[in-house]
Amino acid sequence: MQGTAIAQPNIALIKYWGKRDVARNLPAVGSISITLRELFTRMHVEFDHSLPADALQVNGAADDKMLPRIVDCLDRVVGADRPCARIASTCNFPIAAGLASSASAFAAVTVAAARAAGRVLDVDTLATLAGRASGSAARSLFGGFVELQNLEDDIRCRTIARADDWPLSVVVAITEKGPKAVGSTEAMEISRQTSPFYSSWVEQQAHDLETARTAIAARDFEQLAAIAEHNCLKMHSIMWAARPPMVYWNAATMRCLQTVRQLQGQGIGVFFTIDAGPQVKAVCLPEHVDDVEAALRATAGVTGIMTTGLGGGARLEDSS
Ligand code: 2P0
C-alpha cells in the first residue's frame, strides 16, 4: 500500500487569483501556466494500519504545519476511513516562497496516494482532486502550456501546447529564501473582500486568457510577453490596493524587473512574471537564456538563480 510520484511546479502566465467557492476551492477565474522541468517535488505515501496517526516529513524533517492540508487531500483521494499514512516529501527548491511548491506537492501527493490505495483514476479526476487541495496543483497534472478552464460547476485542465511545441526557458531569480508572510489562500480572500480592483480583474480575465491562448497557438512571443506582464502586474495591484495591503515584492524584485526591461531594450526575448512571493521568473527564448541568466545574476539582491525548461505533468515513479 504505497506509491511514489513526482510533480513539477508550474508558473502561471495568466494568473489564478481569487476563489468563487472557498469550501470546494474553486477558482474565480481560469488560468494558463507552464509546467517546469527541472524543479520537482517527490512524494512517497505509505498506508499502514499499525500507524497511530498520519505523519509527514518534508526534506527529512517532521512538518506539522503542512500536515492538515495533506491529511485532507488524502481523505479526498482515498476516503476518510483509510489507514493512517506515512508521507515523505522531498523538494529541490525553496518551499512556500512563491515558487509554486504547493502546486507540485499536492499534484504529487494526489497521484501517490491514489496509487498507494490501489485506486486507478484518470488524469482529469486526479487534477480535480489536486485542485481541491490547492488551485494551482490541478495544472501540475499536465505538461507544457496548460489552461485551467473554469467550468460552470468545476474545473478542467488541458495541455494547449506541449513543451516540445514551444520550448521556452525560465530563469528564476531568488531574492529571498524564507517563507512568505501571508499565504496565498488568505491573500486571495483579503483581495476578494477588500480590493477595489478585484471585480475588474475577474471581468477582464476572459480577455487575457484569449489573448494568451492566441499568442501560444501562434508562438507569438511578444504578444505572450505583453499579456503575461500585464496580467501579473494587475494581480499584484489588486493586493497593493487591498486592506491591509499585501506587497510580496522586495527591492531586489523591483531591480529584477528593471533588468528585464533593460534586456528587452537590447532586443532579448524575455518577460517577467511574479507570484505570491518576491522571486522573479524570467521567461525567455532558449537562445537568450545565457544573457538572461548573466544579467539577473548580476542584479543586486539576487541570491540564487535556477534555470529550467518546460516539462511534462505529474507521474508515478517507475518503481512505484
Ligand atoms: C497561480 N498563485 O495562478 C497564482 C498566481 C499565486 C499567484 O495559485 O489557495 O497555492 O491553495 O488554491 O494554488 C498560488 O496559490 O492557492 C497560486 P490555493 P495556491 O499560480
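Both ligands and their constituent atoms are indexed starting at 1 by order of listing.
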S.K.: Using a strict cut-off of less than 4.0 Å between a Lys/Arg side-chain nitrogen and an Asp/Glu carboxylate oxygen, indicate whether K19 and E189 qualify as a salt bridge.
M.R.: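 Looking at E189 together with K19, the answer is no, because their closest N to O distance does not fall below 4.0 Å.
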
S.K.: Classify the contact between S31 and ligand 1 as side chain, backbone, both or neither, using a heavy-atom distance cut-off of under 4.0 Å.
M.R.: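 Neither; no heavy atom under 4.0 Å.
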
S.K.: How many angstroms lie between CG in D208 and CD1 in I32, if you round to the nearest 0.5 Å?
M.R.: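 Interatomic distance, D208 CG to I32 CD1, rounded to 0.5 Å: 9.5 Å.
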
S.K.: For S184, counting its heavy atoms only, list the atoms of ligand 1 lying under 4.0 Å from any of them.
M.R.: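 Under 4.0 Å from S184, ligand 1 has these atoms: 14 (C), 15 (O).
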
S.K.: Considering only non-hydrogen protein atoms, determine which one is nearest to atom 3 (O) of ligand 1 and report residue, atom name and distance to 0.1 Å.
M.R.: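 Scanning the protein heavy atoms, the shortest distance from atom 3 (O) of ligand 1 goes to Y16 N, 2.9 Å.
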
S.K.: Which heavy atom of the protein is the closest neighbour of atom 13 (O) of ligand 1, given with residue, atom name and distance?
M.R.: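 Checked against all protein heavy atoms, atom 13 (O) of ligand 1 sits closest to S136 OG, 2.6 Å.
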
S.K.: Checking a contact table here: which protein heavy atom is nearest atom 10 (O) of ligand 1, and how many Å away?
M.R.: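 Protein heavy atom at minimum distance: S102 OG, 2.9 Å.
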
S.K.: For ligand 1, which atoms, with element, lie under 4.0 Å from some heavy atom of G135?
M.R.: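 Within the 4.0 Å cut-off of G135, ligand 1 contributes 11 (O), 12 (O), 13 (O), 18 (P).
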
S.K.: Which of the numbered atoms in ligand 1 are under 4.0 angstrom from any heavy atom belonging to T185?
M.R.: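 Counting atoms of ligand 1 from 1, those under 4.0 Å from T185 are 9 (O), 11 (O), 18 (P).
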
S.K.: Between D48 and R86 (salt bridge meaning N to carboxylate O under 4.0 Å), is one present in this structure?
M.R.: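 Looking at R86 together with D48, the answer is yes, because their closest N to O distance falls below 4.0 Å.
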
S.K.: For atom 20 (O) of ligand 1, which of M235, R139, K15, H236 has the closest heavy atom?
M.R.: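 When every heavy atom of M235, R139, K15, H236 is considered, R139 comes closest to atom 20 (O) of ligand 1.
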
S.K.: So if I count the atoms of ligand 1 from 1 in the order they appear, which ones are less than 4.0 Å from some heavy atom of A12?
M.R.: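 Checking each atom against A12, I get 1 (C), 3 (O), 20 (O).
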
S.K.: How long is the straight-line distance from CD1 of I274 back to CG of L233, given to the nearest 0.5 Å?
M.R.: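 Those atoms lie 6.5 Å apart.
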
S.K.: Hey, are R132 and D21 close enough for a salt bridge, meaning a charged N less than 4.0 Å from a carboxylate O?
M.R.: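 Answer for the salt bridge query: no.
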
S.K.: Regarding D63 and Q57, is there a side-chain donor-to-acceptor distance under 3.5 Å anywhere?
M.R.: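 No donor-acceptor contact under 3.5 Å links the two side chains.
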
S.K.: Run the numbers for me: atoms of ligand 1, each under 4.0 Å from some heavy atom of N25, listed by number.
M.R.: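 It comes down to these atoms of ligand 1: 12 (O).
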
S.K.: Is it true that D275 and K281 make a salt bridge, defined as a side-chain N closer than 4.0 Å to a carboxylate O?
M.R.: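 So D275 pairs with K281 through a salt bridge.
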
S.K.: Would you indicate which of E189, K19, M188 comes nearest to atom 9 (O) of ligand 1 when only heavy atoms are counted?
M.R.: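 Result: the heavy atom closest to atom 9 (O) of ligand 1 is in K19.
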
S.K.: Would you call D154 and R24 a salt bridge, using N to O less than 4.0 angstrom?
M.R.: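 The answer is yes: the pair qualifies as a salt bridge.
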
S.K.: If you have a sec, work out which protein heavy atom is nearest atom 7 (C) of ligand 1 and how many Å separate them, to one decimal?
M.R.: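 Protein heavy atom at minimum distance: D275 OD1, 3.5 Å.
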
S.K.: Below a 4.0 angstrom heavy-atom separation, can you tell me which part of S134, side chain or backbone, both or neither, approaches ligand 1?
M.R.: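 Contact part for S134 vs ligand 1: both backbone and side chain.
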
